[in-house]
Amino acid sequence: MLRILYNLNKNFLTIGTGMVYYLLRVLRKASYLIFGFILFFGLPASADMPGNTPRSDVTVTIKNVQLLGGYVLHVLDYDKDIIIAHDTVYNIYASRGVPHSIMIWAVQNSSTTDSLFFDEFQQNNYVVELKGVSGKNILYDLKQTPVSTGDAADSLVNGAADVSLADIWKTNELLIGISFVALLGLIFYFLWRKKKKGKGNIDAAL
Amino acid sequence: MMAIFQYLFYSILLETPLVMLFYRREWKNVIPVEILLNSFTWPILSLLYFMYPHSLLQFEAGVVIAEAAAFKVFFEGSWIKALLASFSANATSLLAGVWINHLSIF
């Protein structure tokens with residue numbers, strides 16, 4: 001009787017161990033799948049990686065600045081505060097990560113208007129025809145033309161934008177290349193020094 | 001396009017003697033390590049600075065930590081010494097860069 005129970009227990013243990021082993025194998029395979037999924041999920045999702053979506057520069061054409069009267073027009077581009085005194089075509093260069101945006105507002109003495117925001121994410125060229133200031137608002141008409149389906153004038157601008165974008169890409173590739181080569185150089189230099197030190201120690205011991 | 005690389009050259013020129021002061025006994029090793037290390041960090045810093053609207057100080061802090069880790073790996077000395085050397089070198093080149101290019105640190 002005891003022997004039968006022992007054998008049963010042994011068999012159960014063997015089956016149990018086998019099941020645990022099988023479960024671990026399945027989990028191991030599943031972990032590869034989960035890891036692979038996490039690793040490559042960013043690609044179809046176009047996650048916010050540098051270089052995810054190449055975009056073109058866009059322009060903001062500001063017309064009739066003189067109609068603002070005593071107000072002075074300001075453009076804030078990152079941390080640069082630029083004063084616009086005449087009609088201007090402002091270039092918002094393309095970012096490939098966080099959209100590059102600018103803020104426009106007008107100031108007269110202590111009176112400041114509300115701001116207008118433009119960015120290159122929508123890939124539109126903007127024409128802002130100013131009409132004046134009423135209270136805290138800048139009065140204006142806004143026209144938007146998509147960068148890819150613009151008219152002849154836009155195409156000319158886009159051509160220039162594409163060239164500048166290509167230049168930026170070229171510079172970026174060069175920067176990444178230099179950085180990568182330098183990293184390889186550092187690794188090789190480290191290994192070479194380690195090998196040299198090892199040899200030196202053997203010589204000293206001999 | 002190549003004009004931007006002059007700043008890499010200036011960085012190496014400024015930072016190498018400063019790091020040499022910290023690691024005088026290993027000054028011969030400082031030269032190749034500094035050239036390679038700056039050639040590694042400077043392009044990444046430039047790329048990130050032009051792509052993302054964060055302050056230069058934030059990126060520089062990352063560079064200081066990365067270079068300090070490299071100093072610790074390549075040269076003999078404590079972490080504090082490596083951090084001090086990296087901080088001094090990068091602070092000098094950052095201030096020179098700000099002065100030359102009229103950049104904003106913040």
Side-chain angles (χ1 to χ4, degrees), chain A residues 47-55 57 76-82 91-103 117 119-121 163-197 200, chain B residues 1-9 11-12 15-16 19 23 25-59 62-63 66-76 98 101-106:
Chain A
D48 190 17
M49 295 178 285
N52 59 350
T53 318
R55 298 195 290 265
D57 299 1
L76 185 71
D77 190 345
Y78 288 131
D79 55 350
K80 285 182 206 148
D81 184 355
I82 301 155
N91 193 41
I92 307 179
Y93 67 82
S95 154
R96 269 153 288 156
V98 177
H100 177 190
S101 61
I102 62 167
M103 187 170 97
F117 295 89
D119 65 51
E120 43 76 40
F121 188 70
V163 170
S164 74
L165 193 66
D167 277 349
I168 291 168
W169 267 112
K170 212 173 169 183
T171 312
N172 287 357
E173 281 159 11
L174 197 61
L175 288 170
I176 292 164
I178 289 170
S179 194
F180 183 68
V181 169
L183 181 63
L184 283 181
L186 278 168
I187 293 166
F188 280 121
Y189 186 67
F190 174 75
L191 293 174
W192 176 73
R193 268 187 66 195
K194 204 176 166 187
K195 204 177 168 185
K196 203 179 157 191
K197 266 187 184 174
Chain B
M1 186 177 74
M2 300 306 284
I4 60 164
F5 291 102
Q6 64 178 302
Y7 300 110
L8 171 61
F9 179 69
S11 297
I12 293 169
E15 290 185 21
T16 308
V19 178
Y23 297 101
R25 271 172 43 189
E26 296 174 89
W27 70 270
K28 279 182 187 171
N29 281 326
V30 168
I31 299 168
V33 168
E34 260 299 290
I35 291 171
L36 289 169
L37 203 55
N38 271 297
S39 305
F40 170 59
T41 55
W42 182 86
I44 294 175
L45 174 77
S46 306
L47 269 177
L48 293 176
Y49 182 62
F50 288 123
M51 278 182 177
Y52 293 100
H54 300 294
S55 74
L56 192 52
L57 266 187
Q58 286 170 302
F59 293 127
V63 171
E67 290 196 5
F71 291 162
K72 181 76 181 87
V73 169
F74 279 97
F75 310 128
E76 282 173 17
V98 167
N101 283 323
H102 307 290
L103 296 171
S104 168
I105 300 181
F106 303 103

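Note that the structure is a prediction, hence the values are computed from the model and not measured.
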Item checked: Spacing of CG belonging to A:L184 relative to CZ belonging to B:F40, to within rounding of 0.5 Å -> 10.0 Å

Check: In Å and rounded to the nearest 0.5 Å, what is the CG to CG distance from A:L186 to B:L37?
Finding: 5.5 Å

Next item on the list: Check ring pair (Phe, Tyr, Trp, His ring centres under 6.0 Å) between B:F9 and all other residues, then give those that pass, not counting sequence neighbours.
Entry: none

Item checked: Top contributor to chain A interface from B:S46, B:P32, B:A70 [non-hydrogen pairs under 4.5 Å] ->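 The option with the most such pairs is B:P32.
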
Checklist line | B:N29, part contacting chain A, at a heavy-atom distance under 4.5 Å | finding: both

Next item on the list: Give the member of A:F180, A:F190, A:Y189 that has the highest number of heavy-atom pairs under 4.5 Å with chain B.
Entry: A:Y189

Checklist line | Test log, rule side-chain contact (heavy atoms from CB on, under 4.5 Å), inputs A:I178 and B:W42 | finding: CA-CA 9 Å; A:I178 289 170; B:W42 182 86; over 6 Å; no

